[in-house]
Amino acid sequence: MASNTPLVLRLGTAQTLAWASSYYLPAILARPMAEGAGVSEGMVWTAFSAALLLSAGIGPFAGRAIDRFGGRPVLVASNLVFAAGLGLLSWADGPALLFAGWLLIGVAMGGGLYEAAFSALVRLQGEAARDAITGITLLAGLASTLGWPLSGWMEAQWGWRGACLGWAALHLLLGLPLNARLPRAVALPPPRPHGDGQETGAPPRAPRHVAWVLAYVFAATWFVSTALASHLPAMLMASGLSLAGALAVGALVGPAQVAGRLLEFGGLRRFHPLVSARVAAAMHPAGVLVWMAAGAVAAPVFAVLHGLGNGILTIAKGTLPLVYFGPVGYGRRQGWIVAPSRVAQAFAPLLFGALVERWGAQALWVSGALVASALLCLLWLRSAPVDHTA
């Protein structure tokens with residue numbers, strides 16, 4: 001990975017900024033934003049959900065642009081749109097500007113988060129992008145660890161409007177130069193069909209159902225990941241833990257995600273990415289069973305298993321479409337496969353919150369069943385060859 005290090009550092013740092021200033025922003029700023037803009041906190045979360053839904057629609061078009069022009073212009077444009085959306089959000093004094101700002105951020109998310117970064121790497125490196133994808137997720141796995149305290153500090157110093165402007169400035173002064181220094185993608189020749197109609201440079205076509213199966217797997221696992229990011233402390237307290245204990249257990253998830261990505265880079269990369277995904281998808285249901293059998297005392301075990309699995313699955317979202325379908329048209333295809341995941345993320349806090357309110361920690365049976373169904377889908381899939389050049 002030595003030759004990849006500068007590229008991984010640039011993209012990984014830019015991705016950390018993109019996630020911290022969008023996906024992880026409402027956790028810290030939703031309440032002061034609602035108070036300052038004169039709206040309910042629920043309306044802020046509704047605007048955020050609308051941004052996620054819009055990002056789902058933008059993703060395939062951003063992916064197609066990366067396939068055609070490379071990742072640099074798309075990612076640079078995302079920094080400009082992020083800055084514009086955050087700047088507009090800082091002026092919000094009611095629902096109109098609040099939604100306008102978040103929708104602009106949604107456009108930027110559609111062309112500036114992991115899917116775009118993965119597509120940019122595949123456009124540059126083709127089949128060899130797996131290690132670089134892992135490296136980027138290692139760095140960006142710290143987005144909440146760094147972003148939440150920084151958002152809190154800026155809000156304490158300058159208020160929530162100043163915090164939004166601070167993140168906008170970081171996109172212009174840090175994120176944009178980093179993405180602008182990405183290598184220029186070499187123009188691809190038009191694909192030539194073989195006698196059987198298949199494009200040269202493309203892998204043997206996976207059956208059409210594979211894309212639908214992967215879309216379901218990613219949607220189910222991202223629904224659970226987003227739901228627990230919002231409601232894990234509440235479930236822990238419903239199980240009898242104090243607020244301090246719940247926060248301490250919840251804090252294990254982030255480091256476990258990074259550990260899972262290190263495990264993928266250090267050992268699991270020797271295996272087919274489908275093997276890594278199966279191992280990862282088994283961890284959340286296993287954690288649920290341990291928690292339900294032993295009670296809240298086993299919550300730390302659950303948090304570690306959930307984090308490990310979530311960390312590895314983040315990489316699988318980039319590598320599985322690559323090994324099944326190859327680098328030709330990766331960006332557009334990745335955008336369509338991941339679009340249902342963004343929709344699932346948009347509704348996860350609301351839907352799972354209703355389950356937690358009704359059943360408390362027993363709502364984990366639902367999350368466990370969802371991820372178990374994703375595991376069954378992965379077990380049903382057959383491995384695709386990793387090397388499509390033969």
Side-chain angles (χ1 to χ4, degrees), residues 1 3-12 14-15 18 58-78 110-140 178-179 181-191 198-206 210-211 214-215 217-218 261 264-265 269 272-274 276-277 312-339 341 383-390:
M1 184 176 151
S3 62
N4 269 342
T5 299
L7 177 62
V8 167
L9 288 175
R10 284 195 292 269
L11 262 179
Q15 282 295 295
I58 294 294
F61 300 98
R64 180 177 295 179
I66 292 172
D67 289 337
R68 184 173 181 183
F69 304 111
R72 183 169 67 177
V74 174
L75 289 169
V76 165
S78 77
L113 295 184
Y114 274 149
E115 297 77 48
F118 295 164
S119 299
L121 284 172
V122 170
R123 185 66 174 75
L124 291 169
Q125 300 182 342
E127 300 284 352
R130 182 178 179 181
D131 286 352
I133 287 173
T134 302
I136 285 173
T137 61
L138 275 171
L139 289 175
L178 287 172
N179 284 325
R181 292 187 63 195
L182 295 177
R184 184 186 298 274
V186 178
L188 293 176
Q198 183 171 315
E199 296 171 351
T200 58
R205 285 196 180 113
V210 171
L214 292 180
V217 168
F218 299 159
R261 291 162 188 170
E264 159 71 20
F265 183 74
R269 67 173 173 158
H272 192 283
L274 184 59
S276 300
I312 298 170
L313 282 169
T314 300
I315 300 169
K317 292 176 179 81
T319 56
L320 281 178
L322 178 60
V323 297
Y324 275 107
F325 300 103
V328 177
Y330 175 90
R332 177 183 58 83
R333 187 178 294 109
Q334 175 77 340
W336 284 115
I337 289 174
V338 172
S341 303
S383 297
V386 173
D387 183 4
H388 297 303
T389 61

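Because only heavy atoms are used, hydrogens play no part in the values below, and waters and symmetry mates are left out as well, while side chains stay in. Because the structure is a prediction, the values reported are computed rather than measured.
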- Item | Ala277 versus Leu320, closest heavy-atom pair with distance | CB-CD1, 3.9 Å
- Item | Under the side-chain contact (heavy atoms from CB on, under 4.5 Å) test, residues paired with Arg333 that sit two or more places apart | Phe325, Ile337
- Can you see which heavy atom on Leu121 is nearest to which on Leu7, and at what distance? CD2-CD2, 3.6 Å
- When rounded to the nearest 0.5 angstrom, what distance separates CZ in Arg64 from CH2 in Trp336? 8.0 Å
- Closest non-hydrogen atom pair between Gly318 and Phe118, with its separation: CA-CD1, 3.5 Å
- Looking only at heavy atoms, which two atoms of Ala116 and Gly111 are closest? And how far apart? CB-O, 3.4 Å
- Of all the heavy-atom pairs spanning Val323 and His272, show the shortest one and how long it is. CG2-CE1, 3.9 Å
- Task: Output the distance between atom CG (Leu138) and atom CD1 (Ile133), rounded to the nearest 0.5 Å.
- Result: 12.5 Å
- Item | Contacts of Gln334 that satisfy side-chain hydrogen bond (donor to acceptor under 3.5 Å, both in side chains) - sequence neighbours left out | none
- Task: Check whether any side-chain heavy atom of Leu274 sits under 4.5 Å from a side-chain heavy atom of Tyr324, and report yes or no.
- Result: yes
- Query: Between the side chain of Arg123 and the main-chain N/O of Asp67, is any donor-acceptor distance below 3.5 Å?
  - Reply: yes
- Message: Working to the nearest 0.5 angstrom, can you tell me the gap between Thr5 OG1 and Arg10 CZ?
- Response: 10.5 Å
- Only counting residues at least two apart or in another chain, list the ones meeting side-chain contact (heavy atoms from CB on, under 4.5 Å) with Thr134. Glu264, Phe265, Ile315
- Query: Can you list the residues that meet the side-chain contact (heavy atoms from CB on, under 4.5 Å) rule with Ala117, with sequence neighbours excluded?
  - Reply: Leu11, Gln15
- Item | Closest contact, heavy atoms only, Ala316 versus Pro321 | O-CD, 3.7 Å
- Task: Could I get the full list of side-chain contact (heavy atoms from CB on, under 4.5 Å) partners for Thr314, not counting sequence neighbours?
- Result: Tyr114, Thr137, Arg261
